[in-house]
Every structure is written in structure tokens, then in C-alpha cells.
Amino acid sequence: MELPFAENYKIKMIEPIWRSTREQRETWIQEAKYNLFRLKSEQVYIDLLTDSGTGAMSDRQWAALMTGDESYAGSSSFIRLKETVQSIFGFEYFLPTHQGRAAENVLFSVLIKSGDTVPGNSHFDTTKGHIEFRKAKAVDCTIDEAFDPDNLHPFKGNVDLNKLEQVLATTPGDQVPAIIMTLTCNTAGGQPVSMQNLREVRALADRFGVPVIFDSARFAENAWFIRQREPGYQGKTIREIVAEMYSLADGMTMSSKKDGLVNIGGFLAMRHKDWYDRASIFNIMYEGFLTYGGMAGRDMNALAVGLEEVVEEEYLRARISQVGYWGNKLIAAGIPVQKPIGGHAVFVDAKRFLPLVPKEEFVAQALAVELYLEAGVRGVEVGTLLADRDPETRQNRFPKLEFLRLAIPRRCYTNNHLDVVAAALQNVYERRMHIRKGFRILNEAPVMRHFTIELEKVEL
Ligand code: F0G
């Protein structure tokens, strides 16, 4: 018999978690104003809110923490991290930051001005926030296939080259500071971008003289999908694929909390010295001196090890297999999800799951609350609350798809935990025709409202 696949690690340390009762959860979610970000972690049994900073580090990373160099300037941990980044991504210039959005803030302070247009494949919400905060426009050029959950396109994170060309051709050159490619594309469902698409985007960018930035939070997962799905890459190592991907970019922003395999941290890296010189000033102002940028020396050490681990083939096999195992189990149970299953999460199609809840009542949030009540599982709405209001008209933006994202932290939960979530989702699915009402907004912040929003139930 062929031996089945199993993870390439065993568990050395555990953290207890608790189940609660439905009555407890009803009280807690009401107190949290139906916003799952407002729950205390002990009120959650299985936490799939995010894969960001929530994973487990390896013993090698914990060991590296102990040898961190906390010198303010010139720390050996910084040099180790810088060399690791150079060897994996090939960028000469490197600045650490405290997390991904900080890297965006620093780089965009250099690149983006009021009135600019920044096209890409569905910018992440903090990226879009930093663009719109500068009174610039984020334009989504994702392929149409990404908006059809049943379409099995292998690279639903790809940019539609016609849409991109249209933006470049109709916007004055000095008003497009960069194209941003998000790898994998979080908003579209953790969907990868193909090497071919990256190459074609680069060619188009060169034609119009526009730089290309990779938002790299899940770069290794993207490389894994290229290896699995794109002709010509089966014989290559992940490191070779990553090197080829990044040869097509001018620079990168990184949230190390995902494919850095650490709990906090970020960085930016780039090819151009003039970008670096200007970004250095913002880094010192916003983040910290050039050789720590908001990170402790020990955390830079752990990140250097994490970046080496994340490009190991066996690590990625375990990671992507777990997400795939679980996603395919949900598909087999008839639950509508974004297909094929992406790299870091399963995205449940809330409009099809709860057909009776109007989109004006935040259908994906309604599903998130139902799943929490059912089993203490926390997911996150990727729908109208996240899409926020149009900055000019202040009207709600209703995205084509309303998702409940169930993100899987790295090396954290077992398949048994995920089986509990699958059963809970099935239970909610069985009573979906009795769920008719969602929520209305009591209070919201002017930008990135979903983190702090307060909601109340719409009564029948
Ligand atoms: N880019 C992408 C694609 C992301 O998914 C995130 C964060 C960021 C940038 C910002 O990085 O959190 O380190 O400041 N995504 C998290 C999530 C929050 O849950 O998907 P950060």
C-alpha cells in the first residue's frame, strides 16, 4: 500500500483551547456588537479569523530568538535577515518594518501622490487604505474568472492584461506610480498568479515605463501553485521559482506574519537606490532606525529562519495539503466555496450559502455570526463591510462576491479541528432557509470600518 502523506513535523508544545456553550456565545457576540474582531480570544474555540501572525514557530526559530542581537544600530540579526532576503528575492536594498502595512506606508510615502492611479489584482484592504488615504485610486484589474466561484481557472489571481492596458493607456504616465501584484491574491480567495501573467504584466509595465511591486505576504504559497499547476515548473525548486518571480519586480512589500512564519514583522525590499534613499527617511520617522525598523533583533532572527523554512518543499506540501484537504471536504458536502481551493483559507460564498439574507444586511457577516453561534468558530467577512464606502459618494460598495473567509493559521490546528468546523458549517447549511435577516450598522469608522464596526440585528 502506498503510504499516506503526513506533516513533516511533530508537536513539541501545546496551548489549551476551550469549547463554550451556545448560550455563552449568544451573550458574548451581542456584547461584541456582532463584530467578531471585538470578541476575546478565550470566547473563541477554533480561530480562523486570520492566518496573519497566528501560526506556530519551529524549534529552530525559537532557538534563533535566543541569539537575537538587540543593538540599536548594525545588529547582526539585521545583517542575517538582510542577507536572507537578498538570497531569496534578489533585492539589494532592504528595510525592516513592524508589519506589512507599515512597509506599504513607507514605500507609498515615496511613490504615491494625490490624484494617482494604482492598478493591480485586487489590492488587500490595508494596501487600498494606504492608496486611498493619499487621495489616489486603487483599480482592480483581476480576471473575470475570479468572480465565478465555480470556474476552475488555475490562476484566479491573474491580472486581466486588457483591463490593465486600458488603465495604463488612459492615465497620464506620471500618474501611475506602480502596478501592485498581490501574491497570492488574498481578496480573490488566496488565489495564485501564474509566472506567465507576472511576465506579461512586466512587459506591459516596461512598455508604459511603470514599476511593478509585489505585495508578497503569501509569496511561497504562490510559488507552490506555480510548481504544481504551470507547465515547465515541475522540475524546479521553490527557491528557483521565487527567484524567477522576483526578477520581474522592482520591489516588494512583505507582511512577515504570513509566509515569514513569525508572529510579527514586515519589510520592504527593492532594486532602486533612489527609492531606498527616500524610503529610509520615512522608515526612520515611522518605524525605527534602518537596522531594526520596529522589530526586535530576536524577531529578525526568527524571521530569517522562517523565510528559509517557508521555501522548503515539504513545509509547503503540508501547508497546502491541509487547506486543500479541508476545502475539498466542504466541496464534497455541497457547501458553496471559491474554487479551486486557494493557499491560506477557504472562502465560503455567502450569497449562495444564505440566499434569503439581503446583501444590504451584510450577508457574509450574517454567516460569520451563525458559524460562531454554532460552534465558537471565528471567521472573517470579506464582503460589503470590508469593501467599505466609496470615498467620494460615501455609498456602500457592494462587491461582486460576498465571502466568509476561514483562514488557516500555519502549523497550528490539526485536521480534527478543521473537521469540527466542517461539521458546524454543514449544520448551518442545513438550516439556511430559516436564516433570513442580517445586520444594520450602529457605528462605523471613516476608513477600515470592519475592524471596529458596531452592528445590531435586523429583526423580522
Ligand atoms: N497584504 C496582504 C495581501 C495581506 O493579506 C495583508 C494582511 C497585508 C498586506 C498587511 O499586512 O497585517 O502585516 O500589516 N492580511 C491579514 C489578513 C491581516 O488577515 O489577511 P499586515
Side-chain angles (χ1 to χ4, degrees), residues 35-37 44 47-55 95-108 118 120-133 138 140 142 146 156-157 159 178-193 213-222 249 251-269 286-287 293-295 299 303 306-307 310 323 338 342-347 364 368 378-383 385-388 403-410 412 447-452:
N35 178 349
L36 291 101
F37 284 102
V44 177
D47 203 349
L48 306 185
L49 182 74
T50 177
D51 62 321
S52 182
T54 50
L95 287 167
T97 61
H98 78 275
Q99 59 183 82
R101 67 200 70 183
E104 292 163 5
N105 189 28
V106 169
L107 185 63
F108 295 178
V118 186
N121 59 337
S122 299
H123 307 286
F124 181 64
D125 53 337
T126 60
T127 320
K128 196 185 218 166
H130 275 299
I131 293 169
E132 292 179 348
F133 180 73
D140 182 357
T142 316
K156 277 178 154 176
V159 143
I179 298 166
I180 298 180
M181 297 296 290
T182 306
L183 314 173
T184 57
C185 186
N186 186 0
T187 324
Q191 297 291 323
V193 181
I213 309 288
F214 290 173
D215 175 350
S216 307
R218 300 175 183 87
F219 74 95
E221 293 172 3
N222 199 98
M252 68 186 286
T253 55
M254 175 69 185
S255 168
S256 306
K257 302 169 75 171
K258 286 88 170 172
D259 275 354
L261 300 182
V262 288
N263 302 114
I264 193 74
F267 61 86
L268 58 156
Y286 297 149
E287 293 299 297
M295 291 186 75
D299 286 335
L303 173 56
L307 288 170
V310 82
V323 180
Q338 172 72 300
H344 68 295
V346 171
F347 284 60
R378 174 158 67 172
V380 74
E381 191 250 24
V382 178
L385 292 181
L386 182 84
D388 223 312
F403 286 126
L404 167 63
R405 186 188 75 171
L406 299 165
I408 305 186
R410 295 168 181 77
C412 189
V447 278
M448 285 187 235
R449 62 181 179 178
H450 59 289
F451 289 118
T452 53

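Ligands are counted one by one from 1 in listed order, and the atoms in each one are counted from 1 as well. If you're wondering where the values come from, they're calculated on a predicted model, not measured in any experiment.
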S.K.: Mark yes or no for whether Asn121, through its side chain, and Val159, through its backbone, hold a donor-acceptor pair below 3.5 Å.
M.R.: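 No.
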S.K.: Within a distance under 4.0 Å of any heavy atom of Lys257, pick out the atoms of ligand 1 and give their elements.
M.R.: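 By the 4.0 Å cutoff, the relevant atoms are 13 (O).
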S.K.: Could you tell me if the side chain of Phe347 sits less than 4.5 Å from the side chain of Thr187, heavy atoms only?
M.R.: no
S.K.: Within the structure provided, determine whether Lys258 and Val310 are in side-chain contact (heavy-atom separation under 4.5 Å).
M.R.: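 With C-beta onward as the side chain, the pair stays apart.
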S.K.: Considering Arg405, Lys258, Glu104, Gln99, which one's heavy-atom position lies nearest to atom 20 (O) of ligand 1?
M.R.: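 Considering heavy atoms of Arg405, Lys258, Glu104, Gln99, the nearest to atom 20 (O) of ligand 1 sits in Arg405.
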S.K.: Indicate yes or no: does an N/O atom of Thr127 lie under 3.5 Å from an N/O atom of ligand 1?
M.R.: no
S.K.: Would you say that more than 12 heavy atoms from the other residues, nucleotides or ligands in this model lie under 6.0 Å from the CZ of Phe451, or not?
M.R.: yes
S.K.: I need the atoms of ligand 1 closer than 4.0 Å to a non-hydrogen atom of Thr182, numbered in the order shown.
M.R.: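 Those atoms are 3 (C).
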S.K.: Starting from atom 13 (O) of ligand 1, which protein heavy atom do you reach first, and at what distance in Å?
M.R.: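 Protein heavy atom with the smallest distance to atom 13 (O) of ligand 1: Ser255 OG, 2.6 Å.
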S.K.: Examine the proximity of ligand 1 to Arg101 and report which part, side chain or backbone, both or neither, has a heavy atom under 4.0 Å away.
M.R.: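 It is both parts that get close, each with some atom under 4.0 Å.
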S.K.: Measuring only between side-chain heavy atoms, which start at C-beta, is Val447 closer than 4.5 Å to Glu132?
M.R.: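 No, too far: nothing below the 4.5 Å cut-off.
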S.K.: Can you find an N/O atom of Thr126 closer than 3.5 Å to an N/O atom of ligand 1?
M.R.: no
S.K.: Any idea which protein heavy atom is nearest atom 1 (N) of ligand 1, and the distance to it?
M.R.: Asp215 OD2, 2.7 Å
S.K.: Has Arg218 got any heavy atom lying under 4.0 angstrom from an atom of ligand 1?
M.R.: yes
S.K.: Inspect the contact between Lys128 and Asp388 and indicate whether a charged nitrogen and a carboxylate oxygen are less than 4.0 angstrom apart.
M.R.: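 No, this pair does not count.
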S.K.: For atom 8 (C) of ligand 1, find the nearest protein heavy atom and state the residue, atom name and distance (0.1 Å precision).
M.R.: Phe124 CD2, 3.4 Å
S.K.: So is there a nitrogen or oxygen of Thr50 less than 3.5 Å from a nitrogen or oxygen in ligand 1?
M.R.: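 Yes.
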S.K.: Could you work out, with side chain to side chain donor-acceptor pair (under 3.5 Å) as the rule, every residue matching Arg449, not counting sequence neighbours?
M.R.: Asn396, Glu444
S.K.: N/O of Leu49 under 3.5 Å from N/O of ligand 1, yes or no?
M.R.: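 N/O-N/O distance below 3.5 Å does not exist for this pair.
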S.K.: Could you pull out all residues at least two apart from Thr54 that satisfy side-chain contact (heavy atoms from CB on, under 4.5 Å)?
M.R.: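 Only Thr50, Pro409 meet the side-chain contact (heavy atoms from CB on, under 4.5 Å) criterion with Thr54.
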